[in-house]
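The sequence lines fix the lettering, A, B, ..., with proteins before strands; numbering per chain opens at 1. All heavy atoms count here, side chains included; hydrogens, waters and symmetry mates do not.
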Amino acid sequence: MQQQYPFKEIEQSAQTYWETNQNFGASEISDKPKYYCLSMFPYPSGRLHMGHVRNYTIGDVLSRFHKMKGFNVMQPMGWDAFGLPAENAAIKNNTAPAKWTYENIEHMKTQLKQLGLGVDWNREIATCKPEYYKWEQWLFTELFKKGLIYKKTSTVNWDPVDGTVLANEQVIDGRGWRSGALVEKRDIPQYFMKITAYAEELLSDLDKLDGWPEQVKTMQRNWIGKSFGCEVEFPIIGQDGNLKVYTTRPDTLMGATYVAVAAEHALAAQAAQNNPALADFIAKCKRGSVAEADVATAEKKGMATGLFVTHPLNGEQLPVWVANYVLASYGEGAVMAVPAHDERDFEFAIKYKLPIIPIFENTVWRTRELSRPRDDYEYYEFENKKWKNWYSEKNEVITINSGCYNDLFPEEAFDKIAADLEKKSLGKKRTQYRLRDWGVSRQRYWGCPIPIVHCEKCGEVPVPAEELPVVLPENVVMDGVGSPIKKDPRFYETTCPTCSGKATRETDTLDTFFESSWYFARYASFDSTTAMADERANYWLPVDQYVGGIEHAILHLLYARFFNKLMRDVGLIKNDEPFTNLLTQGMVLKDGTKMSKSKGNTVDPQELIDTYGADTARLFMMFAAPPEQSLEWADSGVEGANRFLRRLWKATYDHVELGQIAAYTTGDLSAEVKAIRLQLHSTIEKVTDDYGRRHSFNTAISSVMEMMNALAKLEGNDEITRSVRQEVLQNVALLLSPIVPHICQAIWAELCPQSHILEAGWPVADQSAMVQDSVEYVIQVNGKLRGSINVAKTETKDALEKLALQQPFVQKFIEENMSVRKVIVVPNKLINVVVG
RNA sequence: GCCCGGGUGGCGGAAUUGGUAGACGCACGGGACUCAAAAUCCCGCGCAGCAAUGCGUGCCGGUUCGAUUCCGGCCCCGGGCACCA
């Protein structure tokens, strides 16, 4: 055995060994329970970043741990290969997106292999390959035929100078990132998937996901946003027809003092026809980005349309305003405004001097301040221009200023008003989801072509299965102005599959979330040429453990859940949900912000691997923070991880230099050696729990470090001590091997040359080594730590109380005028003497 | 703005079900070894104090024998907001 820790040699030879012996090839033929461990596949940006190292190490630790526990493990890897950065890089470097992408894949694959992942590389997929995207084109046509995909117009960011659609990311402060031109909103026809048809199931099935973090489920619930409310119709004065709004608070209808519509609303356009100022205002609203965050944080602005509507209950005239805070895409694109009980309406009403009528009064407040005149408190609240939410779900408020609806609790008012509206045919109760259908059309090149042919005679015709895939040409020139396939007649000129007449292909491509919504199923059927997913998918699915960044908590995970249900409903797979257990990894931050290429604050993991080796990189990543927390990157600390591995190597070297010995099985031990065995087996128990249940890799590592620190202090080279040392080192190699597999394989080979670590299995704690007959009690006086005592485990509560009171460090704190009020004994832990 | 997280020594973090705050590691200081340096090993290390002891988990308040942990109200930081992936 070499005296120095030769990480390069060790890692190289371990990786070659795994590849030669195909140790991580996954097969469906096995007696063992299956364990499908999936890490979110990378976008091939060029080089591995720290987030990747963290993500794939976590996945690998869980995979290797379960393999050792006796599971039939599959851990695949692939490439989420379509996307915007490839186009940008292509323009910048004067190359084709495909070439750039494939080169990146090659490089990153080498890097991933250097990390020593137990991945089945035979199943590798890249989403930009026709044999992959063929199947999503097939699914698209099936869903199109089922009516789950439809076309409608929707709003995009339009750069008037470059003449191109921009992603939200490409809009900076309302301007195009390249041209600097003020971005406009433009409506264009696009394909949508009816995810709303699955809203209820996507919501209710969250309750089945016991293995998901509560946080993620809550975010998804709120995103789907099921609400119970009411449609309310306001007859438009001087016109036929009503203005329809949706509200979750019909109980506040008597407090409505105006109605507001989005700039995109039909009524706004109508009013603007002979009102140039309004037309100008609407045009201004249509500037800027379509991102909701931008809309919601913009200063509230509005303009009266000159139109009025009739309040459906009291018949009063309410003005119709156009307001930039009303979202066109939610509800009806119009709201009834109740300034007294909605913060945004309040702000708007103050700004434009619109009336504010409070229709709730806090019952608690009313009782307390009954003598105060009502006008006075209204003045008091509003003069300070502070909106105060008196409304509460707990029936602490009661209606006022509401005519025949006075003196009601909110729920009573809700029902009564809804009933009256229904009687007048001016409204009815309605369940509403915040979730919107998913627009999947992109006016970009580097994506999966939408398999639709446009025929003048036959309309939109899905490409028949036998003609799939519609192949995206890869050898293209990106000139920065629009998508190459939109300008290439060889791509778009075709014949209609139905009538054989002249027709054109759709030149939009699919949102790249499309590819990542079903790849988990493809890994199981990676080489099938006859189906998107075959019976092997039903063996491996659902994924037992999914690992990925918290930033995907909503969109990606929701779309993947949606696709799983779509694939189930076309008969491909049987499971309802794709991911049984989810681990959302925290972000790797630097200088307090997300480490990302666009922010230019990345640390290259390659340097780390070159200098210290993959094991050090993996150990440090797992040790620095628990996986779900964000990890603030600091260069120092890596050294400490490397130091530990060198110590582990040295300890093994010192031990094996004295000759081979079998691990301890039986025989009398000194107290000191017995304590080492106690610690070892407690550590096995703790580490097993940390990996399996808690996913707390940092504490697993620290308890192994403590074990090694204790072992270092153990002296003596007699046979029995050496046999215990052998036992400790063997178990440490096993316990750490999911995290640092290369060094553990190497030291195992030195400790036990006749066997291989991959055959050894996960260790089980020896309960007999953990038997203790005394226990340490911490003693507090009035909750403050004052000392501790070591007593026999069998001691009774009475005896413990007496013993505690006898201690001088307890007596010291009982002053003369004090008496012992009570003594609290927490078994095996603590005694608290309460005096006073 | 809305939804979801987080805040503990100089730093990363630990404390698993309300029961010893600061495990483990980094950095730092002191010492040993060395001609010297690196590496390694040993000791110290929340703050104040000579000490006894007191204070201390973002801030304010509450519940409890006991609160980093539970409750109410704030402040700050991070993630997501539907075309970054």
Side-chain angles (χ1 to χ4, degrees), chain A residues 40 42-43 45 80 82-85 156-157 165-171 213-216 218-223 225 290-298 300 325 329 343-344 435-444 511-513 516 549-556 558-559 584 586-587 589 592-594 596-598 620 623-626 628-634 636-641 643-644 646-647 650 686 689-690 693-694 696 698-699 701-706 709 712 776-780 782-785 787-788 821-824 826 829-836:
Chain A
M40 291 181 187
Y43 176 77
S45 56
D80 188 13
F82 278 136
L84 197 52
V156 294
N157 303 305
V165 174
L166 298 177
N168 283 338
E169 192 190 47
Q170 298 171 312
V171 181
E214 221 35 70
Q215 169 199 0
V216 175
T218 305
M219 283 193 263
Q220 292 219 349
R221 271 186 205 107
N222 292 340
W223 185 262
V290 299
E292 196 188 314
D294 295 332
V295 176
T297 50
K300 283 176 192 51
Y325 72 94
S329 52
E343 197 164 358
R344 288 164 309 171
L435 183 69
R436 307 197 296 257
D437 277 340
W438 174 16
V440 293
S441 295
R442 296 293 180 269
Q443 297 68 45
R444 281 185 249 293
D511 179 3
T512 56
F513 271 124
S516 55
I550 185 67
E551 67 273 21
H552 296 292
I554 295 174
L555 292 179
H556 163 63
L558 191 65
Y559 293 149
T584 47
M587 243 155 309
L589 310 177
T593 176
K594 182 179 175 176
S596 75
K597 219 174 171 181
S598 61
F620 175 67
F623 184 59
E628 306 220 306
Q629 260 180 49
S630 59
L631 184 156
E632 175 75 34
W633 179 263
S636 60
V638 178
E639 195 72 48
R643 196 175 296 156
F644 172 74
R646 290 201 308 264
R647 269 206 301 270
K650 176 79 173 9
K686 178 178 168 49
D689 187 46
D690 279 353
R693 180 180 63 88
R694 297 214 302 150
S696 174
N698 56 329
T699 55
I701 294 165
S702 79
S703 54
V704 175
M705 284 175 168
E706 286 179 81
N709 289 346
E776 178 155 296
Y777 272 87
V778 158
I779 301 183
Q780 298 180 331
N782 286 345
K784 279 192 180 133
L785 176 70
S788 66
R821 296 268 165 88
K822 60 174 154 178
V823 181
I824 287 154
V826 181
K829 271 207 175 123
L830 163 150
I831 302 164
N832 187 14
V833 180
V834 184
V835 299

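With Q170(A) contributing its side chain and A167(A) its backbone, the two residues share a donor-acceptor pair below 3.5 Å. Side-chain N or O atoms of D689(A) include none that pairs as donor or acceptor with a backbone N or O of R694(A) at under 3.5 Å. Without hydrogens or angle criteria, N832(A) side chain to I824(A) main chain gives no donor-acceptor distance under 3.5 Å.
Residue D294(A) contributes atom CG, which lies 14 Å from atom P of G1(B) at whole-angstrom precision. The distance between atom CD of Q170(A) and atom C1' of A82(B), rounded to the nearest whole Å, is 16 Å. The nearest whole Å value for the distance from the CD atom in E292(A) to the P atom in A82(B) is 7 Å. Atom P of nucleotide G5(B) and atom CZ of R221(A) are separated by 11 Å, given to the nearest angstrom. For E628(A) and U16(B), the CD to C1' distance is 14 Å, given to the nearest whole Å. Distance CD1 (I550(A)) to C1' (C4(B)): 8 Å, rounded to an integer number of Å. Counting to the nearest Å, the P atom of U17(B) and the NZ atom of K829(A) are 10 Å from each other. Rounded to whole Å, atom C1' of G13(B) lies 13 Å from atom CZ of R694(A).
For A39(B), neither phosphate oxygen OP1 nor OP2 lies less than 4.0 angstrom from any side-chain nitrogen or oxygen of R646(A). Distances shown here put a side-chain N or O of Q629(A) below 4.0 Å from the OP1 or OP2 atom of G13(B). Between N168(A) and A82(B) there is a side-chain N or O to OP1 or OP2 distance below 4.0 Å. The side chain of T512(A) contributes an N or O atom lying less than 4.0 Å from OP1 or OP2 of A85(B). For R442(A) and A82(B), the shortest distance from a side-chain N or O to OP1 or OP2 is not below 4.0 Å.
At the heavy-atom level, L435(A) lies under 4.0 Å from base atoms of the strands shown. Note on P626(A): only backbone sugar-phosphate atoms sit closer than 4.0 angstrom, heavy atoms only; bases stay farther off. Contacts of A298(A) with the nucleic acid, taken as non-hydrogen atoms under 4.0 Å apart, are absent. In this structure, V165(A) reaches the bases: a heavy-atom distance under 4.0 Å links it to at least one base atom across the strands shown. Among the heavy atoms of the strands, none lies under 4.0 Å from A553(A). Counting non-hydrogen atoms under 4.0 angstrom, H552(A) reaches a base of the nucleic acid. F513(A) comes within 4.0 angstrom of a base, heavy atoms only. M40(A) comes within 4.0 angstrom of no nucleic acid atom, judged by non-hydrogen atoms across all strands. Across all strands shown, K784(A) has heavy atoms under 4.0 Å from sugar-phosphate atoms exclusively, and none from any base. Q443(A) comes within contact range of at least one nucleobase, with a heavy-atom separation under 4.0 Å.
Counting non-hydrogen atoms of neighbouring residues, nucleotides and ligands closer than 6.0 angstrom, the NZ atom of K300(A) exceeds 12 such neighbours. In R646(A), the CZ atom is crowded: over 12 heavy atoms of neighbouring residues, nucleotides or ligands sit closer than 6.0 Å. Within 6.0 Å of atom CZ in R821(A), 12 or fewer heavy atoms from other residues, nucleotides or ligands are found, so the atom counts as exposed in its surroundings.
G79(B) and A85(B) are spaced 14 Å apart, taking the C1' atom of each and rounding to whole Å. Remark: the separation of the C1' atoms in A21(B) and G13(B) is 13 Å, to the nearest Å. Going from the C1' atom of U16(B) to that of U69(B) covers 11 Å, rounded to whole Å. Across A38(B) and G44(B), the matching C1' atoms stand 23 Å from one another, rounded to whole Å. Between C55(B) and G22(B), the distance separating the two C1' atoms is 15 Å to the nearest Å. C24(B) and G9(B) are spaced 15 Å apart, taking the C1' atom of each and rounding to whole Å.
Applying the 90° cutoff around 0 to the glycosidic angle, G9(B) is assigned syn.
Taking all atoms of both residues into account, the shortest heavy-atom contact from P213(A) to E628(A) is CG-OE2, 4.4 Å.
Ring orientation note: the planes of Y559(A) and W438(A) are close to parallel, at an angle under 30° on the 30°/60° scale.
The nucleotide whose nearest atom lies closest to any side-chain atom of Y559(A) is, among C84(B), G79(B), A82(B), A82(B). For V826(A), counting side-chain heavy atoms from C-beta on, the closest listed nucleotide (G79(B), G19(B), A85(B)) is G19(B). Nearest nucleotide to the side chain of L555(A), out of C4(B), A85(B), U16(B): A85(B). Residue I554(A) places its side chain closer to G80(B) than to any other of G80(B), G1(B), C84(B).
Note that CH2 of W633(A) and CZ of F620(A) are 5.0 Å apart. Values are rounded to the nearest 0.5 Å. Interatomic distance, CD1 of I554(A) versus CE of M219(A), reported as 6.0 Å (0.5 Å rounding). For the atom pair OG (S45(A)) and CG (D80(A)), the distance works out to 11.0 Å, reported to the nearest 0.5 Å. The line from OH of Y43(A) to CG of L84(A) is 7.5 Å long, rounded to the nearest 0.5 Å. Annotation: the span from E292(A) atom CD to S329(A) atom OG amounts to 6.5 Å, rounded to 0.5 Å. Within the model, atoms CG of N709(A) and OG of S702(A) stand 10.5 Å from one another, a figure rounded to the nearest 0.5 Å.
Interface remark: the K686(A) side chain does form a donor-acceptor pair with the U16(B) base, using a distance-only criterion of under 3.5 Å. No hydrogens or angles were tested; on distance alone, a donor-acceptor pair under 3.5 Å links the side chain of R693(A) to the base of U16(B).
Along RNA chain B, the nucleotide nearest A296(A) and the nucleotide nearest A712(A) are compared for position; the residue whose nucleotide lies closer to the 5' end is A296(A). Taking the nucleotide of RNA chain B with the nearest heavy atom to each of E776(A) and V156(A), the more 5' of the two is matched to E776(A).
Within the 4.5 Å cutoff, no side-chain heavy atoms of S630(A) are placed close to those of E632(A).
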task = Applying side-chain contact (heavy atoms from CB on, under 4.5 Å), run through D294(A) and V171(A) and close with a yes or a no.
result = CA-CA 11 Å; D294(A) 295 332; V171(A) 181; 5.7 Å; no
Can you check nucleotides 65-71 of chain B for protein contacts, nitrogen or oxygen pairs under 3.5 Å, and list what you find?
unit_1, atom_1, unit_2, atom_2, d
C65(B), O2, N832(A), ND2, 2.5

Close N/O contacts between protein and nucleotides 23-31 of chain B (under 3.5 Å):
unit_1, atom_1, unit_2, atom_2, d
A23(B), O2', E706(A), OE1, 3.3
A23(B), O2', E706(A), OE2, 3.4
G25(B), OP1, N709(A), ND2, 3.1
C26(B), OP1, R643(A), NH1, 2.5
C26(B), O2', S636(A), OG, 3.4

inquiry  = Could you write out RNA chain B as dot-bracket? Rules: Watson-Crick or G-U wobble, both distances under 3.5 Å, brackets [ ] for crossings, | for pairs with another strand, dot for unpaired.
reply    = (((((((..(((......[....))).(((((.......))))).(((....)))..(((((..]....))))))))))))....
